[in-house]
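Computed over heavy atoms, backbone and side chain alike; hydrogens, waters and symmetry mates excluded. The model shown is predicted, which means the values in this text are computed figures rather than measured ones.
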Amino acid sequence: MPSTYETLRADIITAMKARDTATATALRTMDAAIQRAAMDTSKPIDEALTIATFRKAVKNLTDARTEFEKAGRADLVAANSAEITILEKYLPKGLDAAKLEAVVNEVIAATGAASKKEMGKVIGALKQRPEAGLIDFAAASKLIQAKLP
C-alpha cells in the first residue's frame, strides 16, 4: 500500500492531467509544505511528518474560514471549504468519541492524575500511545478537563 505522500504525488499528476486546477493547486501546495517541513526538521519525509503537515494545513484553513465568515467573504469561505474537503481525504479517520473517552480514562488511571494541574502529564502519556496519530488532542483536552477536578 502506498504511503500518504506517494498517494498525494500520484493524485497531483492525475489532477493535472484532468486539468482540475483547484485540486492540483491545493495538492501541490501540500507537497511543498511537506517538503518544507522535512527540510526544516532535517528529517526524511515519512508518514508521521506527512499526516502532521496535513493536520496543520487543515487546521489553518479551518481557522481562516472562520475569519472569512466573520468578515462576510462568502467567496473565500467557499474556496477554503473546497480545499479542506480535498485535503481531509488524506487524513486517517480519528477515534470516535467512545474510543477516545476509553483511552483518556485508561491514561488518567495509568498516570494517577487527580487534578487539572496534572493535565500535562496525561496529554504527554496520550502522545506516547500507539493510536496518538488518530487522537484529536483538542477534543481530548476538553475531555480531560471535564474528568479532572
Side-chain angles (χ1 to χ4, degrees), residues 1-71 73-108 110-111 113 119-148:
M1 187 169 135
S3 71
T4 304
Y5 185 69
E6 291 166 346
T7 304
L8 169 72
R9 298 289 299 219
D11 289 351
I12 289 171
I13 294 167
T14 304
M16 289 173 65
K17 285 181 179 177
R19 299 198 187 281
D20 183 354
T21 56
T23 301
T25 301
L27 297 180
R28 290 173 86 182
T29 302
M30 271 314 304
D31 183 27
I34 292 166
Q35 289 181 13
R36 189 171 40 253
M39 282 192 303
D40 289 347
T41 59
S42 299
K43 293 182 181 176
I45 296 173
D46 62 357
E47 194 68 16
L49 178 77
T50 303
I51 297 300
T53 307
F54 267 104
R55 285 191 199 281
K56 184 177 180 182
V58 169
K59 181 186 179 311
N60 289 345
L61 287 168
T62 304
D63 293 346
R65 183 177 60 191
T66 303
E67 294 300 318
F68 294 147
E69 287 170 349
K70 288 180 187 174
R73 296 290 310 266
D75 56 331
L76 295 176
V77 169
N80 263 24
S81 296
E83 192 169 347
I84 290 168
T85 303
I86 292 166
L87 299 182
E88 280 182 334
K89 77 176 193 175
Y90 294 93
L91 291 173
K93 301 293 179 243
L95 296 178
D96 63 10
K99 270 192 175 174
L100 179 61
E101 187 168 0
V103 169
V104 167
N105 287 338
E106 187 180 318
V107 170
I108 288 174
T111 59
M119 199 171 141
K121 185 169 36 170
V122 176
I123 295 286
L126 273 176
K127 289 183 178 183
Q128 301 304 315
R129 302 276 304 210
E131 61 271 342
L134 304 175
I135 294 174
D136 175 5
F137 282 96
S141 177
K142 289 177 185 170
L143 193 57
I144 293 166
Q145 286 178 358
K147 294 189 174 297
L148 295 177

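Residues D46 and Y5 have side chains that never bring a donor and an acceptor to within less than 3.5 angstrom of each other.
If you take OG1 on T23 and CD1 on I86, they are separated by 3.5 Å, rounding to the nearest 0.5 Å. To the nearest 0.5 Å, atoms OG1 (T25) and CE (M30) are separated by 14.0 Å. To the nearest 0.5 Å, atom CD1 of residue I45 and atom CZ of residue R9 are 8.0 Å apart. Rounding to the nearest 0.5 Å gives a distance of 12.5 Å between CD1 of I12 and CG of D20. Separation of atoms OG1 (T41) and CZ (R36) is listed at 12.0 Å; rounding is to 0.5 Å. For the atom pair NZ of K142 and CD1 of I144, the computed distance is 12.5 Å after rounding to the nearest 0.5 Å.
Taking all atoms of both residues into account, the shortest heavy-atom contact from R65 to N80 is N-ND2, 3.3 Å. Of all heavy-atom pairs spanning L49 and P44, the tightest one is CD2-O, 4.1 Å.
You'll find the side chain of F54 reaches within 4.5 Å of the side chain of I34, heavy atoms only. Residues L27 and Y90 have side chains in contact (heavy-atom distance under 4.5 Å, counting atoms from C-beta outward).
S42 places no side-chain N or O within 3.5 Å of a backbone atom of A38 that could act as its donor or acceptor partner.
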Passes side-chain contact (heavy atoms from CB on, under 4.5 Å), E88 versus T62? Steps please. CA-CA 11 Å; E88 280 182 334; T62 304; 5.7 Å; no
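By the salt bridge (charged side-chain N to carboxylate O under 4.0 Å, His left out) test, E69 is found to be paired with no residue, residues two or more places apart in sequence or in another chain being considered.
More than 12 non-hydrogen atoms from other residues, nucleotides or ligands lie less than 6.0 angstrom from NZ of K121.
Using a 4.0 Å cut-off between charged nitrogen and carboxylate oxygen, K70 and E67 count as a salt-bridge pair.
Considering L8, T53, V58, T29 in turn, V58 is the only one that fulfils the side-chain contact (heavy atoms from CB on, under 4.5 Å) rule with L87.
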